[in-house]
Structures are given as structure tokens and as C-alpha cells.
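Down below is the structure, laid out as C-alpha cells.
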Amino acid sequence: MTTTEPPLVEQRSADALEDAIRAAQRGAARNGAARGDDAPRPSLSAPSPSSVSYASTGASLPPSRRRAKGRCPAPQHAVERAVAAAFAWIGRLVGRHPVSVFVGSLLIALALSAGLVKVSFEARSHKLYIPQKDFMARDARELESYFGTTPEPGILILERKDGEPLDDKASVLAMLDLHQEVVGMRVPFGDRLIAYDDICYRRFVGMLDDYECIVSSPLELWWYQRAQVQGDEDVSGTIREAIDDNRADFGTEAGEVKAMQIKYFFHPRSDEAEDERYDMFQAWEEALRDLLFVKVGSGSSADEPLKVTYWSTNFNELEAQSFVRDDSYLMGLSLAFITIYVCITLGGATADCRQTRMFLGSTCAVCTALSMSSGFGIASLLGIPLQPISPIVCFTLLGVAVDDMVIIVFTFDQTDRRRSISERMRTSMAVSGTMITVTTFTSFCAFLTGYAVDFPAYAYFCVPAAMCILMVYFLQMTIFAGCLVLDARRMASQRADCLPCFQLGDEALIGFSTSYSAAPPHEAPLAQQQVLPKRRPVEECMKKHHARVLLKTPVRIGVIAVWLTGVLASLYALKDLRVGLDVRATLPDHSPILSFVDDMDEFWEGASMPAHLLIFKDTNISDAAQVRDIRRLVD
């Protein structure tokens, strides 16, 4: 579709007339204020939109605004004029070449979105919720420097389906058989089979003089040997003795042994072939989960006596990611609702499809999606990982995008419609661009300062959010502004919204319009009119009543009192503030890990056995005296 801007009739004379009218209005207002009277101001036909500045119109400044010759302007005024001039240039560029600006900005956003190929996802609690400059993180790094990468545990909790105690020989043999099946499981990976030995975490065992896979469970009481269990005549007594000597950890309830843990330790990452080893671990653990939840899980047959729940760091990370995916439809619904709201806000409620702005309002979703993908792409290129709550920034971007759109459209509609669209865009951007720049800069800096906080979960959210805010700003000034110019050309040529190929006449439309920018059908086209923009009810209320009521002494006292009450109530509520995040809040409702968490709460009071590690430096373990000192310290 090709449209042309309406011809301009005596543009320079009209501009000069507007400037003279505005100067007269300002002079009359000052004179009336100096006299202190309430004389009515002269009624002039030309509008005085606030979006037209002195610098853009070229009118001479009134005496109160003139500065003495040779005196430098105030710094803030100089900055404001420089910013306004820059955005005036951008507005003229967009007004003259909207399609080129749109395509160029779209390509830039897509190129930055390509940074998502390097995206990484972090959901491990010790990497998100523990300050990395804290002594705990420092000790963990020191431990890795001595003993290599910290193993990642995978924990099974076993209990009987019928709720009976586990301290009988048949239950122990069933648990031992399950363990043997787990460690002996073979999983296809590429052109070979992999087993637990290929991804386990190994430690040197002096008695065996070799590195062995680490597994921790009460089955050590029988050396993981079936013959040892069968030869034990008093399995229950063996378990009771181990519990009394703190040699084994069982889950008890009312003095009965009801649950047991088997802990497997994985080594999914290594310095050599890290990606391949991690893929091997993913494939093997997926097969393990299938075995556990199909054979002995809730859907197993009645012949299986055991009930099993499972947790691992990798499994928890996958479930956290699915939590975000499962709720993604809510983001889609919110995006659709906001888009409809923006369409109505920008174009008004009207039956005249020439004056609606449905197509323009739909760019809210486009700009939000592009800013989110490109902002995350920039963060990924900077090496900042995403986390489960990162997509929540979508709601912040929607609010920022809607605010920017309303400001740009409002200032554009306040300009004189007798001007060319490119000149209207230049004047509009000189004002709206300055306002949007201030709000964007403050939001960007506020989010970016979060990177300095030694709390990874906070930093990993703030940095991608800051990049997204920056991209919203860029796309609003280019893509949305270009769409606004194209939409203004469509309206000037009397074409239908969303179907610009159809040009409609006044006789083809039946209905009424409540849009603040729409003209009655019987009047001349908008491009040939000088229409005073109608103020909306909310605008009139805020201008005429809100400030007047707010400045009354009783109202001011009441506002301060309400504010102080809220502050005091918040301070009082701090005593009930809980620190920490329940693991259930990070998982979907159908996650199998929730059953594991319930078992931990029921049998181990919500916590597994803590691991206390003592590192002895500069110690000669071949010296018997030093070994005795170590044993004495441990005891």
C-alpha cells in the first residue's frame, strides 16, 4: 500500500500565526497574574498544545525566558534542549522513513536475540541463594580446589506401601535388590551402553586400594551383600543397634522404622568432555526416573512392596523449569489482555474503523516479545544465566511498554494536524522522547545496580531485566514510532484499520465515535482540519479537582497520617517476616519431588543428614602421632 501525506497550504504562515497566538496567550496570562484579577483570557481559535516547544517552533522567547547576552544557560536547560533536539531529529527520520527504520530495528532485535544460543539456566539453590562472597561459598571453592568438583547427590527414600515397618528381612532384601538393579542398569547412549560406574563420583578406598563409586545407605550394615542379609538372624536387632550407635540413619515414626535413604553421588561434570559427560548423566538419570516411577512408584503393581520417592539436583532443576513452562499460558493471557487494553486506549471506543488503532495497539505484544528475547540474548552474551523467575520480567516490560506508547501517542495527537506527519512526529518525539528517556534511564540504573548485590538470585534477575528495559526503550523509539507514522498515514487517507487496502468514504460507515481523536463523518478529513483534542474525563478530573483537593490542609494532614500508619504497620509486621523460600513454592503442583519433600518432613523433620567436612591441611597421614591427633579431634 502506498500513501502520501496531505498537501500543506501556506505552512510557514500558519506556523508564524500559531507562534504569535501563543505569545499573546502567555502575555495575557502574565499580565492577569500581575494584576491579580480574574479577567478572562482572550479566546483564540488556534490550539496551544504543550508539546510544541519554543525551540521547535522558532518563535521568539518572551522577556521572562530570554537570557542576557553572553550569559550561559542553566545546565539542566542545556541538557533538556540537547536531548529534545536529538529526539526531534529521530522523530523526523522516523516520520520520513518509517519502513526503513522498522526493518532495521527488527533486524537488530533479531540479531541480539540470537545470543540465546549461549543461554544457560541456573536453578541450584546453593548457586542462587547463597552469597558467593560469603565464607560458605569460599569454603566450597577451597574444598573443590583440594578434592575436585563437589558431587551432586541423588537420594531415594524407600518405605513400604502398606505402611508397615522396614526392619524385617524381606523389606531389606527388597531394598537391596532395588539397589543392585539401579547400579547395574545399562542405558543406550550413542553407540554404546552406559552404567552408574560411568557417571558416579569416585573416592579412593584404602581397604580396596582403588577408587570406588560412592553410595551411602544403611545397607552398608550388610556390605551390600545379599548373603549377609540372608545370614543375619536378627535383622531388626541389627538395625536397632545401628540406630543406637548412630551408625545408620533410618526414618522413624512412633519408635518404628518406617523409611530409609539411599544416596548416590554423581559426577556429571568434568574438565574433559564436560558436555558429553553431562549428556551421559542426563540420559542415565532419565532412565533411573523411569525405573523408579514405573516399577516401584505410585503407578506400580501391587506385587512391588516398596514405595520410592526421588530427588536430585538435576531433577529439581528440570522440575523448576517445567514450573515456568506450565505457567507460560498465564503470561500469554496477560499479554492478550494488555494488548486489547492498549488498542482501546490508543484509538478509543468507536465504530469508525478509520479511527481505531487496533493494528497499532497490537505492536505492544510485538515490542514486548522482541525486547524480552533480545534482552535475554544480551544477558546470555554477557554470561549471565537465567533462573526460574526470569520470565516474570514480562509483566514489568508490559507496563513499561504501555506507558511509553500512551505518552508517544498522546503527544503526537496534541500536535497540529495541519502539519505534515513527519513534522508532527518531530515535534512529538522532542517531548515524549525526553520524558521516556528519563524514566527508562532511572529504571535501567535501578535494575543494573542489582548486579552489585552479593545475592545471585537477585543479580541474575536484575541484569536481564535491565537489558530488556533498554530494548523496550529502543524498540518504542523505532518500531512503534514507525508504526505510528504508518497508522497516521492510513488515517489521513481514510483507510480501514487492520485492512489498509480498503479506502472508505463517510457514507460507508454507520455508527458513532467516542474517540478523542475522531472527527464526525460529515466534517472535512482530519488532515485538513485544525481540531482541538478532547480531554478525557480522567484528565479533566486530575487537572481541575485532584490538585485543588489535595492542597487543602485537612486533606494533606489525612494523607500524611495514612502514610505514617502504613509505615508503622509495616515495621510492626517485620517481626513475623520469615526468611527463606519453601521448596514447594518453586515446584509445580504435580511434581514428584513434592512427595519426596513430604517424606522428608514426615520422617526426618524436613532436613537430610547434614554433611560436616573437616579439612586438615599440611598433615602427614603416614605419621602415627598426627593420625592419633586427628582421631582425637574428630571424637
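These figures come from a predicted structure and were not determined experimentally.
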For this session: Report yes or no: do Glu152 and Asn314 form a side-chain donor-acceptor pair below 3.5 Å?
Result: no
Exercise. Are Asp601 and Arg584 ion-paired here, with the side-chain N under 4.0 Å from a carboxylate O?
Worked result: yes
Exercise. Does Glu256 use its side chain to pair, donor to acceptor, with the backbone of Pro165 at less than 3.5 Å?
Worked result: no
Exercise. Would a 4.5 Å heavy-atom cut-off, applied to side chains only, mark Tyr264 and Tyr201 as touching?
Worked result: no
Problem set entry | Check: Cys445 main-chain N/O paired with Thr449 side-chain donor or acceptor under 3.5 Å | yes
Exercise. Heavy-atom distance under 4.5 Å between the side chains of Ile239 and Pro218, does that happen here?
Worked result: no
For this session: Find out whether Leu370 and Met471 are in side-chain contact, i.e. whether some heavy atom of one side chain is under 4.5 Å from a heavy atom of the other.
Result: no
Exercise. Do Cys364 and Ile338 have side chains that get closer than 4.5 Å, going by heavy atoms?
Worked result: yes
For this session: For Thr439 and Ile436, indicate whether the former's side chain and the latter's backbone hold a donor-acceptor pair under 3.5 Å.
Result: yes
For this session: Kindly compute the distance separating CH2 (Trp223) from CG (Leu176), expressed to the nearest 0.5 Å.
Result: 14.5 Å
Problem set entry | Carboxylate-amine/guanidinium proximity below 4.0 Å for Arg202 and Asp210 | no
Problem set entry | Over-ring placement of Lys575 relative to Tyr572, 6.0 Å and 45° cut-offs | yes
For this session: Give a yes or no on whether Lys118 atom NZ has more than 12 heavy-atom contacts from other residues, nucleotides or ligands under 6.0 Å away.
Result: no
Problem set entry | Polar contact flag, side-chain donor to acceptor under 3.5 angstrom, Asp232-Trp222 | yes
Problem set entry | Backbone N/O of Tyr224 and side chain of Gln180: donor-acceptor pair under 3.5 Å | yes
Exercise. Is the closest side-chain heavy-atom distance between Asn316 and Thr313 below 4.5 Å?
Worked result: no
For this session: Kindly say whether Phe359 contributes a backbone atom to a donor-acceptor pair with the side chain of Ser362 at under 3.5 angstrom?
Result: yes
Exercise. Is a donor on one side and an acceptor on the other found under 3.5 Å between the side chain of Ser443 and the backbone of Thr440?
Worked result: no
Exercise. Should the pair Trp284 and Tyr196 be assigned to parallel (<30°), tilted (30 to 60°) or perpendicular (>60°) ring geometry?
Worked result: tilted
Problem set entry | Side-chain touch Leu219/Met260, heavy atoms, less than 4.5 angstrom | yes
Exercise. Are Ser217 and His179 close enough that some pair of their side-chain heavy atoms sits under 4.5 Å apart?
Worked result: no
